[in-house]
Amino acid sequence: MDIKLLETELNEVVADVNVVFIKKDELEACEHAAILQKAGFKAEQDTTCFLYEKGVLVCGVDSKKSDDIRSAASAAIKALKASNFQSAKIEILSKSVLGALVEGVVLGGYEFNDYKSEQKKSTLESLFLVSSDLDFTKLEEIFASSLIIANATNFTRDIVNKAPQEINPQTLSHVASNLAKENNLECIVLQEDDLAKENMGAMLAVGRASVHGSTLIHLAYKPQNPKKVITLVGKGLTYDSGGLSLKQPTSMVTMKMDKAGACAVLGILKAVSELQLDVEVHGFIGAVENMVGGNAYKPDDVLVSRSKTTIEVRNTDAEGRLVLADVLDYAQDKVHADYIFDFATLTGACMIALGQYTTGLMGHSHKLKHDISRAGSDAGEMISSLPFNRHLKKLLKSEIADISNTASKPYGGAITAGLFLDKFIREENKNKWMHFDIAGTAYTETPWDCNVYGGTGAGVRLMCEFLRDIK
């Protein structure tokens, strides 16, 4: 589907369907009020009424603000794709909602059909976004950047959705290398021999039972005279069986999504390089497969991490934090960054605490938390802070090593996982670092907002918003 921005009067645009967003208090005065009343349309958020004979699609919204327009546009594009119309037009209500409108259409219209023997086909070919009385130069800027971010989000979704037999640590490295070639990024891939030379005992242990060798991927976008340097770290568990602490069968389904943190890092770098932002961004990905075998790492093992911190393994399904421990340490050596952000589908406990729609944010800097939360609000990604405290930190104590990889009590699991990572953040970087637990937000089996079944691309829109406004 081709999306075009047009500077003209709406009635000058020839299209099969006119998409209209309407609030409850606008129903009585609207042109098609009588027909909508007979249809029982109440203009509730995300509801649609297709007046086929009139060539009008009416979409209910609670407000004309970005979040509601984004969600309604997602509902609209689904209705349009299900019809046999070839073109549609939408009048841009205001400059402030254009980005949300583009995202709603692109993200809501996303489908992952790679494994379908018969590809779904839609007759919808063209969508026109129309304005005649707004600053068109500014609209063009918003339109172009919104398309880049939305497409990068879908790029992220594609990788998350690919099956584990297709994406393993080696093939994920190929995806990163191809992205680097296409977007003029620097790319270094460390194989297991390199990881051993770096003394990454924690990361290597997690991937030991897999037939696919673990890799560490370092991508870099380096514009001239950047105003800030950013390090992004992504958990890249291409599949997580739980290891010897084997997951229940139902919990193992969807574990291809355990690479979503790594995929988000790739998507962010794609967007940042195409937006040509004046920030230097480094992405570090720990790509590992956690499997079962005769040489699998075990509960009771004591691992020596790259930082020389020893880790008592009490559960092999708490593996992502072990990978991140080594990657975070490596990243801090390689890049002196102004900010360090890690993205990980780290804990089911985060979903219990916040639900599936909200990313958990952890770290020490209250200002940085505030700035990120504001960026999330502007980008349409919900963020909530989970507070560190000294009492939960005590639960990670080990009697035989420096730290345990799981807490001694099951409560506050998302926070104790964040506190485990905090152990590997150096003192001078404590206020520069934030941990994003995207376990709930990275994948969904129930469509919501502009997210369809599968990977959501969580973190991409959020971080693009933050980096665009960084000072």
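We use all heavy atoms of the structure for the numbers below, so side chains are in, but hydrogens, waters and symmetry mates are not. Residue numbers start at 1 and run along the sequence shown.
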**Q.** Exercise: identify the closest heavy-atom pair between L246 and S241
**A.**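 In terms of heavy atoms, the two residues are closest at CD1-O, 3.5 Å.
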Could [X] and [Y] be called an ion pair, given the rule that one side-chain N must be under 4.0 Å from one carboxylate O?
| X | Y | result |
| --- | --- | --- |
| D193 | K197 | no |
| K259 | D240 | no |
| E312 | R314 | yes |
| D258 | K235 | yes |

Q) In terms of heavy-atom contacts, does NZ of K409 have more than 12 from other residues, nucleotides or ligands at under 6.0 Å? A)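 For K409, atom NZ is not crowded (no more than 12 foreign heavy atoms under 6.0 Å).
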Q) Can you list every pair that meets side chain to side chain donor-acceptor pair (under 3.5 Å) and has a residue in residues 219-231, with sequence neighbours left out? A)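 For residues 219-231: E186-K222.
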Q.
Apply salt bridge (Lys or Arg N to Asp or Glu O under 4.0 Å) to residues D333 and R426 and explain how you reach the verdict.
A. CA-CA 10 Å; D333 267 349; R426 296 166 193 174; 2.8 Å; yes
Would you say [X]'s side chain and [Y]'s backbone share a donor-acceptor pair under 3.5 angstrom?
| X | Y | result |
| --- | --- | --- |
| S305 | T309 | yes |
| K430 | D422 | yes |
| Y239 | M291 | no |

Q.
Check whether Y339 forms a cation-pi arrangement with K432 (NZ or CZ under 6.0 Å from the six-membered ring centre, at most 45° off the ring normal).
A.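 K432 over Y339 ring: no.
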Enumerate, atom names and distances included, each donor-acceptor pair closer than 3.5 Å involving a side-chain atom of residues 445-453, sequence neighbours excluded.
residue, atom, partner, partner atom, Å
N451, OD1, R157, NH2, 3.2

